[in-house]
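What's counted below: heavy atoms across the whole structure, side chains too, no hydrogens, waters or symmetry copies. Keep in mind that this is a model prediction, so the values were computed, not measured.
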Amino acid sequence: MIAKKLKTGLVLLLFVIGLNGCVNLKSVNNYSSSSSKGIKKFEEINYSFSRHCIDKCQFEAIRNFEIKRDIECDCDGYKKADRVTLLIYNSIKGYFDGLTNLSNNDLTDYNFDALNKSLTKGDFGDIKIEKEQEEAYSKISKILLKATTDVYRKKKLKIYIEEANDPLQILLKKFQFITQKNLEDELKFKKERLYAYYKEMNLNNTLSDYEKGKATMDYYQQLSDINSKQKQIDAFAKSLKAIADGHQKLYDNRNKITAKELKGLLTQYASDIQDLNSEFNKLK
């Protein structure tokens, strides 16, 4: 009778432990899926270095009253900046998609065509890639490869998180800098250029009051569009910071993934990321 009770108690204990493990793995999954959604907001910003280059060319053509069949723009440097940015974006997105699947005990399904080019150090338009970012990208690529070949499963989730944290933090920091500094600086430049152009137009005595009023209205409409883009970028950059902080906390507590305190921490980070995603959506 005593042995039977002990056996029953042991079964219940193992069930509770297993249940807690599932519940807290769910919190990891919730954080990672929220992070994936936040990262993919990058595709909705609808502004790039190449777009900035084309806008600049079109603006100059309009300013000089040039009518051409095709606008010739030297955008090679801007295109390189976009390609580098996309490489970093795809590596971060791929990692969090993998974390989402692994925390749900699924195999990762990653298309390596997105990482078929290496990230190398150097200057790419306004973007400078250092050795540490080159190495971080390479490490994340190798981790994703291992994840797709079934080396990682739920029992190896801790290793996946452990190996990825340092390179991931480097890439997230760089990605945040590219969007909030490099890309937003292009918008600031565009804003100043518009101000100078419309200010000059408004001082033109040959224009009627109606024409000046129409120009003023056009200016504020374009200014509003630029401000919205800047706010989108700021919300996205804040989301990247929350994602990075959340993953650092996950890494720090990787040896107690099933602990209740980790569940509370990850739930808060997931909530913060979701709020920032909502803020981004309102700005579209």
| task | Check whether any side-chain heavy atom of Leu99 sits under 4.5 Å from a side-chain heavy atom of Asn29, and report yes or no. | result | no
| Parallel, tilted or perpendicular: which fits the ring planes of Phe236 and Phe42, with parallel below 30° and perpendicular above 60°? | tilted
| Minimum-distance pair of heavy atoms, taken over all atoms of Ser118 and Leu87 | O-CD1, 3.9 Å
| request: Please step through side-chain contact (heavy atoms from CB on, under 4.5 Å) for the pair Glu162 and Tyr251, ending with a clear verdict. | output: CA-CA 6 Å; Glu162 189 174 75; Tyr251 170 79; 4.0 Å; yes
| said: Determine whether a donor-acceptor pair (N or O, by modelled atom type, separation under 3.5 Å) exists between the side chain of Asp82 and the backbone of Ser50. | reply: yes
| note | In short, Ile88 meets Leu119 closest at the heavy-atom pair CG1-CD2, 4.0 Å
| task | Please test Glu43 against Tyr89 for side chain to side chain donor-acceptor pair (under 3.5 Å), starting from the C-alpha separation and ending with a verdict. | result | CA-CA 10 Å; Glu43 298 181 24; Tyr89 163 69; 2.4 Å; yes
| Donor + acceptor pair across side chains of Asp252, Gln248 (<3.5 Å) | yes
| So do Leu207 and Met201 actually touch side chain to side chain, heavy atoms under 4.5 Å? | yes
| query | Okay, side chain of Lys190, backbone of Ile226: is any donor-acceptor separation there less than 3.5 Å? | reply | no
| With sequence neighbours left out, what residues match Lys37 under salt bridge (Lys or Arg N to Asp or Glu O under 4.0 Å)? | none
| message | Below 30° counts as parallel, above 60° as perpendicular, anything between as tilted: where do the rings of Tyr198 and Tyr219 land? | response | tilted
| Side chains of Gln176 and Lys241: does their closest heavy-atom pair fall under 4.5 Å? | yes
| query | So, does Asn165 use its side chain to make a donor-acceptor pair with the main chain of Ile161 at under 3.5 Å? | reply | no
| note | Heavy atoms of Thr100 and Ser33 approach each other most closely as OG1-N, 3.4 Å
| query | Between the main-chain N or O of Ser208 and the side-chain N or O of Glu211, is there a donor-acceptor pair closer than 3.5 Å? | reply | yes
| request: Apply side-chain contact (heavy atoms from CB on, under 4.5 Å) to the pair Lys191 and Asn227, showing each step before the final yes or no. | output: CA-CA 9 Å; Lys191 188 186 290 187; Asn227 287 337; 2.8 Å; yes
| message | Restricting to non-hydrogen atoms, name the atom on Tyr160 and the atom on Gly98 that form the minimum distance, rounded to 0.1 Å. | response | OH-CA, 3.5 Å
| Over all atoms of both residues, closest heavy-atom pair of Glu60 and Arg193 | OE2-CD, 4.3 Å
| query | What closest approach, in Å, do Gln133 and Ile170 show between heavy atoms, and which atom pair accounts for it? | reply | CG-CG2, 3.9 Å
| Taking atom types as modelled and ignoring hydrogens, do the side chains of Ser34 and Gln274 form a donor-acceptor contact shorter than 3.5 angstrom? | yes
| message | If we ignore hydrogens and angles and just use 3.5 Å, is the side chain of Ser224 paired with the main-chain N or O of Tyr220 as donor and acceptor? | response | no
| request: Say whether, by atom type as modelled, one donor and one acceptor occur between the side chain of Gln169 and the main chain of Ala244 under 3.5 angstrom. | output: yes
| request: Identify, with sequence neighbours excluded, every residue that meets side chain to side chain donor-acceptor pair (under 3.5 Å) alongside Lys214. | output: Asp218
| message | Tell me whether Asp76 is salt-bridged to Lys80, with the criterion being a basic N under 4.0 Å from an acidic carboxylate O. | response | no
| query | Does a side-chain heavy-atom distance below 4.5 Å link Tyr31 with Ile273? | reply | yes
| query | Is the His52 ring parallel, tilted or perpendicular to the Phe189 ring (thresholds 30°, 60°)? | reply | perpendicular
